[in-house]
Each structure stands twice: as structure tokens, then as C-alpha cells.
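These notes are about the structure you will find just below.
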Amino acid sequence: MPLRSTEDKGYELADAEGVFLTAQECDEVALPPSVPSWDDAVAAAKRHPLTDSPFTTRDCYGCGGDRAPGQGLRQNFSQLPERRMVVAPWTPDPELGQGGATLAAEQVWGALDCPGGWACRLFSDAPHETVTAYMATTVTKPVVLGEDHVTFGWVISKSGRKHMVGSAIATRDGELCARTEALWLTLPPQV
């Protein structure tokens, strides 16, 4: 499902049932508080793997580590508790490019969603019934397929059911490729 341009210089993602994602230009997103190194991410994966979620297997496109190569982003997040971050050493599979050398825009956005969700759940006490409501993203460098990257997320603030989080993708050398600020909302209880 590729992003398509709209008349107002934005983008949208749709399926047969209609539009379910819109994107428009926004102000530049703030920089992360710090950028974990590749070694930090690898060490965290050994010390604090996150395995207690129903989304870490085949269900989630972004963090479903059990998906087949090319069938998901396969980011396996871990905790960096001393920084109140989640982090993943990540090498995007070349099969995701459909013949191209870089990750498509919609794939970059997908890769930025899960780290914020994990940070929200772990460091903002958000329940599983918390979903992405809004994302603002700045992309500064292509995400090259087959090369090592670090994806990470952190909590910016919390107010009731609202959780503001940040997430980013950096190269193995620590250069930022993309960063997001996102609002996650805890759904109200079912009546």
C-alpha cells in the first residue's frame, strides 16, 4: 500500500475501505535527549529483552520479531532503564525495499511507531489498550536497507490518558535518519 499525494501537498494511505492515515508537512521535530550507540543497543538486547507482549511475535508489523524476512520490520526492543528508553539494534531486511536500496516513507513511519509504544507502556504505565493517535516526523537521511541502525523511543510527558512519546532511527554511527513525536491515547474502558 504506497502513500499517495493529495491536493494539499500531503499524503494519505488507503485501502478498499477508505483512508486510514493522512500526512502533512509540520514543523521540525525536536531532537532526542540522547542517541544510544549500536553497542548500547546490542548490550540492552542481552540484558533486558522485551518478550511479555502479544505484539512481539507475528502480530505487529513493526516489532513482530517472529515474522519472516521481508514480511515485517522485525525490530526486537529492549530496555535501557538508566535512560528510560527502549532500543533495538536493527538491520532492515533488503527484501523490504522491493528492489530499492532504501526504506520507503511508510516503512520509516512504521519503524518509528513501535519504539514510542514500548516506551509509553514501560515508562508511562500505559496499558495495552493504548494506541497511536498522532505522529509528527522529521526525516533527515534515508534508512538504507541491509545496513545497521538503532531504533529507540522515550516518554516526553503524560497527562491522564495522553502519553507524548518520541522515537528515532539512527545509523550505526549515531547519525539521525528520522525522528518522531507521537501522541498515544489510552482507550476509555468499554461500558
Side-chain angles (χ1 to χ4, degrees), residues 29-94 96 102-103 107-128 130-132 135 137-158 163-184 186:
V29 174
L31 294 170
S34 63
V35 178
S37 70
W38 176 262
D39 292 340
D40 291 338
V42 170
K46 292 176 184 171
R47 288 191 324 259
H48 304 288
L50 299 175
T51 57
D52 64 340
S53 169
F55 305 114
T56 57
T57 56
R58 294 191 188 278
D59 294 335
C60 183
Y61 185 81
C63 62
D66 290 345
R67 285 178 163 264
Q71 298 301 308
L73 300 173
R74 301 172 48 172
Q75 300 173 95
N76 293 307
F77 290 98
S78 303
Q79 291 187 57
L80 278 178
E82 65 280 4
R83 294 194 201 179
R84 296 183 54 82
M85 285 184 170
V86 296
V87 64
W90 179 53
T91 306
D93 193 299
L96 294 169
T102 60
L103 205 59
Q107 301 268 30
V108 171
W109 282 64
L112 289 165
D113 192 33
C114 290
W118 276 104
C120 182
R121 182 170 169 250
L122 291 171
F123 301 115
S124 190
D125 300 320
H128 283 293
T130 304
V131 297
T132 309
M135 291 175 76
T137 300
T138 299
V139 178
T140 54
K141 179 179 177 59
V143 176
V144 179
L145 298 167
E147 292 189 5
D148 294 338
H149 292 80
V150 176
T151 55
F152 56 104
W154 62 97
V155 173
I156 296 170
S157 65
K158 176 184 177 181
H163 309 267
M164 283 299 296
V165 297
S167 60
I169 303 170
T171 65
R172 184 182 180 125
D173 297 330
E175 187 178 354
L176 287 174
C177 299
R179 57 193 187 271
T180 287
E181 290 178 0
L183 171 63
W184 282 64
T186 299

Mind listing the closest non-hydrogen atom pair of Asp93 and Leu145 along with its distance? O-CD2, 3.5 Å
State the CD-CG distance between Gln79 and Leu122, to the nearest 0.5 angstrom. 5.0 Å
Any sub-3.5 Å donor-acceptor pair from Thr180's side-chain atoms to Met135's backbone N or O? no
So, taking the atom named OG in Ser157 and the one named CD in Glu181, what distance separates them when rounded to the nearest 0.5 Å? 9.5 Å
For the pair Thr140 (side chain) and Leu176 (backbone), establish whether a donor and an acceptor sit closer than 3.5 Å, ignoring hydrogens and angles. yes
Looking only at heavy atoms, which two atoms of Trp154 and Ala168 are closest? And how far apart? CZ3-N, 3.9 Å
Closest non-hydrogen contact found for Met85 with Pro36 is SD-CG, 3.8 Å
Do Gln107 and Tyr61 have side-chain heavy atoms sitting under 4.5 Å apart? yes
Please name the pair of heavy atoms, one in Gly62 and one in Leu73, separated by the smallest distance, quoted to 0.1 Å. O-CB, 3.5 Å
Side-chain touch His163/Asp125, heavy atoms, less than 4.5 angstrom: no
Nearest 0.5 Å, please: how far is OG1 in Thr186 from NE2 in His128? 12.0 Å
Closest approach of Val144 and Pro92, non-hydrogen atoms and distance? O-CG, 4.0 Å
Would a 4.5 Å heavy-atom cut-off, applied to side chains only, mark Lys46 and Ser78 as touching? no
Who are the side chain to side chain contact (heavy atoms under 4.5 Å, CB included) partners of Asp148, not counting sequence neighbours? Trp38, Thr91, Arg172
dist Trp90:CH2 -> Phe77:CZ (nearest 0.5 Å) comes out at 8.5 Å
Within the structure provided, determine whether Val150 and Val35 are in side-chain contact (heavy-atom separation under 4.5 Å). no
According to ring pair (Phe, Tyr, Trp, His ring centres under 6.0 Å), who are the partners of Trp184, at least two apart in sequence or on a separate chain? none
Using modelled atom types and a 3.5 Å cut-off, is there a donor and acceptor pairing between side-chain atoms of Ser124 and backbone atoms of Ala126? no
How many angstroms lie between atom CG of Leu103 and atom CD of Glu147, to the nearest 0.5 angstrom? 12.0 Å
Starting at NE2 of His149, measure out to CD of Gln75 and round the result to the nearest 0.5 Å. 11.0 Å
Could you tell me whether the side chain of Ser167 and the main chain of Leu112 form a donor-acceptor pair under 3.5 Å? yes
Any donor-acceptor pair under 3.5 Å linking the side chain of Arg179 with the backbone of Pro32? no
Between Asp113 and Thr132 the two heavy atoms that sit nearest each other are OD1-OG1, 2.6 Å
Residue pair Arg121, Val155: steps toward the side chain to side chain contact (heavy atoms under 4.5 Å, CB included) verdict: CA-CA 9 Å; Arg121 182 170 169 250; Val155 173; over 6 Å; no
